[in-house]
Amino acid sequence: MAFCAITLLTACSSDDNEGTGTPKKQRLTFTATQEGTPANTKTVIADNTKIHWQSDDKICIPDGTESNEFKLTSGEGTKSAIFEGYATPSSSYTAVYPYTATAALEADGTVTGITLPATQTATANSFDPQAALMMAVSNGTTLAFKNVVAYLKLTPKFACSKIVLKAADETAVLAGTGKLAYNNGIPTIDLSEATDKSYAITLTGNIEADKAYYIAVPAVTLTAGWKLFFTKADDSNEYIYKGMSSLNFERNMVANIGEFSIENTNWYNPRRGEIVRADQEVDMGLIVTIGSTNYKVIFAKSNLTATGLAVNDYDYGDYFAWGATEPWYSSIDTSTSPWTISWKDGKSGGYITENCPSYNNDSYVENDVLKMEYDAAHQILGGDWQLPSTQIWGTLYNTTNYTWTWETQDGNQGYQVTNKSDNSKSLFLPAAGCLYQIDTNEVGSIGFYWSSTSYLNTLYSLYLDSGSVDPGFYGSHGFGFSVRPVRLVAVE
C-alpha cells in the first residue's frame with residue numbers, strides 16, 4: 001500500500017497569562033513519534049507504507065483549561081518530529097492529532113470535543129489527515145502517538161466525485177463529535193453520545209480511477225447490508241455496492257475491500273430488493289408496452305421459494321396458490337414416491353379451491369391484475385418483483401426473437417428460452433408439475449407458471465410440456481403452481 005505522508009499534533013496559544021493568577025505558560029518542546037507495526041499478521045497502517053510528519057502538522061495538548069496548539073518545527077518527512085508551543089508545565093501530558101480547538105481534557109483523563117468527520121477529503125493512495133485521529137499520553141516530553149481509527153481501503157476503477165460508506169442500520173455510528181479515552185495504552189473514541197452522530201461517511205473530491213483511497217472509521221462492526229455509493233464523476237450516475245456479510249474494523253488496521261468497476265455484476269439496485277443478487281436475474285431483451293410506457297422485463301433466473309429464489313435454474317422451487325404469499329405446506333420430502341407433504345394448519349385438504357381465500361374475492365384484483373399485497377413474488381422478494389402478466393408470457397413465447405428448446409438440466413426437464421441475437425440472455429423453465437389437492441401432478445413432464453392476470457374470476461398461467469407451450473392457459477385458484485418472478489424497468 002502506498003500511503004501519502006500523514007500528520008499529527010497541534011499547538012496552543014502563546015499567551016503568557018500575566019495578571020490572571022494562574023500558572024504562566026512556557027514554551028515547551030515535544031518529540032512526537034508514530035505507532036509501529038503491531039505484533040500480528042494483519043495489514044496495518046505502518047506496514048509497507050510511508051506515514052510521515054508533514055510541515056503543516058499541528059497537535060493539541062489540552063490542559064483542562066484550553067486546547068494548546070503545538071506546531072511542527074523539525075522532522076518533516078520522518079516518523080519522529082519536533083513540535084513546539086506554549087502550555088503550562090505538567091507531570092503528565094495528553095496529546096491529540098490533528099489539532100482541535102474544541103478539545104478539552106476532563107478530570108477522568110478523557111478528551112472531549114474530538115470530531116471524526118462525516119465528510120473526508122479524498123487523497124489518492126492515502127487518507128484525509130483531518131480524519132486520522134491519533135492520541136498520546138506521556139509523563140515526559142516524548143509523545144508516542146497511537147492510531148485511534150481504522151481504515152477502509154478501496155480502489156475505484158472509474159473516476160468519482162464522491163464515495164459514501166453507509167451502515168445498514170443505526171447501530172453503528174461512523175462519525176461525529178465524541179470523546180477519546182486512553183486505557184492500558186489503547187486509544188478509543190466514543191461516539192455513542194455524539195449530538196451530531198452520523199451513520200455514514202462521505203469521501204469527496206477528485207477521486208481518480210485506479211488509485212487507492214482510504215476512509216477513516218472508528219473501531220466498529222458493520223452488520224451485513226452496509227453499502228457503498230459511488231457517484232461517477234462525468235455523468236453523476238450512482239453505483240451501489242451492498243455488503244452481504246459483516247465488516248469488522250479494528251483500531252490501527254486496514255480493511256482492503258478491493259477494486260470496483262462499472263462492469264462489475266454485483267452492483268446493488270434498490271429496485272432489485274434486498275434478497276436477489278445481480279447474478280440471479282437476466283435481461284432477456286424483452287420489451288412490453290403497458291399504457292403509453294415501454295418496459296424492459298427482467299426475469300429471475302430461478303423459481304420462487306418461500307424464502308427467496310431457488311439455488312439453481314433447474315430447481316423446481318415452491319408451489320403457490322393464486323393470491324397466496326406462502327406455500328400451504330411446511331415441508332416436502334421429494335425422496336419418497338409420492339412426495340411426503342406436511343400441511344400447514346388449516347390447509348390439510350391441500351391445494352383446493354376451498355383453501356384459497358382469493359376465490360370469488362374481488363378484493364384480490366384491481367384492473368384485472370393481482371394486487372401487490374397478494375403477489376407472492378413481491379411479498380417474498382421485495383423491490384419491484386412481481387408475477388408476470390399474460391402479456392409478458394405471450395410476448396416471450398409468440399415473438400420470433402426467442403427459441404424454446406425442450407431439454408434436461410441436472411435431471412430436470414423443461415424449456416431453455418434463449419434470445420436469438422444474444423445467447424447469453426437465456427433462462428430455464430423447469431417442468432415442475434403442480435400440486436392438486438394433496439397430490440403432485442406430472443412433475444418433470446409438464447409445468448405451470450402463474451400469471452398475475454385475472455379476468456371475470458378466470459385466472460391465467462403459462463403451460464408447458466415437451467410438445468407445446470400455452471402462455472394463456474387457464475388456472476384454478478387453489479392449484480399449486482410455480483412462480484417465475486419478473487420486474488419491469490421503464491425505458492425510453
Side-chain angles (χ1 to χ4, degrees), residues 1 117-128 131 151-169 172 174-175 198-217 222-247 249 254-285 295-301 308-309 381-385 422 424-425 485-492:
M1 296 180 295
T119 299
Q120 300 177 15
T121 301
T123 305
N125 298 318
S126 188
F127 42 78
D128 183 353
Y151 290 92
L152 174 70
K153 177 186 177 183
L154 48 81
T155 305
K157 304 296 288 182
F158 55 99
C160 301
S161 59
K162 67 178 179 181
I163 299 174
V164 179
L165 170 66
K166 186 175 183 181
D169 48 42
L174 293 178
S198 174
Y199 304 96
I201 295 177
T202 299
L203 188 68
T204 185
N206 180 26
I207 302 174
E208 302 177 65
D210 300 314
K211 298 288 182 66
Y213 291 86
Y214 296 78
I215 300 175
V217 296
L222 297 183
T223 59
W226 57 271
K227 296 185 181 70
L228 282 168
F229 300 79
F230 297 79
T231 301
K232 195 165 179 280
D234 56 357
D235 58 12
S236 297
N237 282 347
E238 187 175 65
Y239 298 84
I240 306 173
Y241 173 83
K242 179 182 176 183
M244 302 304 291
S245 58
S246 61
L247 182 59
F249 293 105
V254 174
N256 184 359
I257 58 174
E259 298 179 343
F260 295 85
S261 169
I262 290 178
E263 289 71 29
N264 284 354
T265 60
N266 58 354
W267 293 117
Y268 170 75
N269 184 339
R271 296 184 178 276
R272 191 185 301 126
E274 300 293 327
I275 295 178
V276 182
R277 303 189 310 270
D279 61 352
Q280 291 179 300
E281 66 178 21
V282 57
D283 177 1
M284 292 291 291
Y295 292 91
K296 177 170 57 177
V297 182
I298 307 296
F299 286 83
K301 295 183 72 175
L309 293 177
L381 301 180
D384 288 346
W385 293 104
D422 184 354
S424 68
K425 296 180 176 181
V486 299
R487 62 185 184 90
L488 305 179
V489 179
V491 295
E492 294 293 336

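These values consider heavy atoms only, across backbone and side chains, with no hydrogens, waters or symmetry-generated copies.
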Practice problem: Walk me through it: do Leu152 and Leu247 pass the test side-chain contact (heavy atoms from CB on, under 4.5 Å)? | Solution: CA-CA 10 Å; Leu152 174 70; Leu247 182 59; 4.1 Å; yes
Taking all non-hydrogen atoms of both residues, which atom of [X] and which atom of [Y] are closest, and how far apart?
X      : Y      : value
Ile207 : Ala122 : CG1-CB, 3.6 Å
Arg487 : Asp384 : CB-O, 3.5 Å
Tyr268 : Gly273 : CE1-O, 3.2 Å
Ala168 : Gly225 : CB-C, 3.4 Å
Ala131 : Ala216 : O-CB, 3.5 Å
Ala255 : Phe249 : CB-CE2, 3.8 Å

[atom1] of [X] to [atom2] of [Y]: how many Å apart, nearest 0.5 Å?
X      : Y      : atom1 : atom2 : result
Glu208 : Asn125 : CD    : CG    : 8.5 Å
Ile163 : Ile201 : CD1   : CD1   : 12.5 Å
Glu263 : Phe158 : CD    : CZ    : 9.0 Å
Ile298 : Met284 : CD1   : CE    : 10.5 Å
Leu222 : Lys166 : CG    : NZ    : 12.5 Å
Ser161 : Glu238 : OG    : CD    : 9.5 Å

Practice problem: Report the residues that fulfil salt bridge (charged side-chain N to carboxylate O under 4.0 Å, His left out) with Lys232, sequence neighbours left out, ordered by chain and then residue number. | Solution: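 For Lys232, the residues satisfying salt bridge (charged side-chain N to carboxylate O under 4.0 Å, His left out) (neighbours in sequence not counted) are Asp234, Asp235.
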Exercise. Could you tell me whether Lys242 atom NZ has more than 12 heavy atoms of other residues or ligands within 6.0 Å of it?
Key: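 Correct, the count exceeds 12.
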Self-check item: Within 6.0 angstrom of Lys162 NZ, more than 12 heavy atoms from elsewhere
Solution: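 For Lys162, atom NZ is not crowded (no more than 12 foreign heavy atoms under 6.0 Å).
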Exercise. Look only at the side chain of Trp226 and the backbone of Ser245, and say whether a donor-acceptor pair between them is shorter than 3.5 Å.
Key: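 Yes.
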Heavy atoms, side chains only, cut-off 4.5 Å: are [X] and [Y] in contact?
X      : Y      : value
Gln120 : Tyr213 : no
Tyr199 : Leu174 : no
Leu203 : Cys160 : no
Gln280 : Arg272 : no
Asp283 : Val489 : no

Practice problem: Describe, in one word, how the ring planes of Tyr151 and Tyr214 are oriented to each other, choosing from parallel (under 30°), tilted (30 to 60°) and perpendicular (over 60°). | Solution: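 Judged by the thresholds at 30° and 60°, the geometry between Tyr151 and Tyr214 is perpendicular.
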Quiz item: Can you name the one residue among Asn256, Leu165, Leu228 that meets side-chain contact (heavy atoms from CB on, under 4.5 Å) with Leu154?
Solution: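 Result for side-chain contact (heavy atoms from CB on, under 4.5 Å) with Leu154: Leu228.
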Exercise. With side-chain contact (heavy atoms from CB on, under 4.5 Å) as the test, would you mind laying out the steps for Lys157 and Asp210 before giving the verdict?
Key: CA-CA 5 Å; Lys157 304 296 288 182; Asp210 300 314; 2.6 Å; yes
Exercise. Measure from the ring center of Phe260 to the ring center of Tyr239 and say whether it is less than 6.0 Å.
Key: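 No.
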Practice problem: With sequence neighbours left out, write down each residue that passes side-chain hydrogen bond (donor to acceptor under 3.5 Å, both in side chains) with Glu259, or none if nothing qualifies. | Solution: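 Not a single residue meets the side-chain hydrogen bond (donor to acceptor under 3.5 Å, both in side chains) criterion with Glu259.
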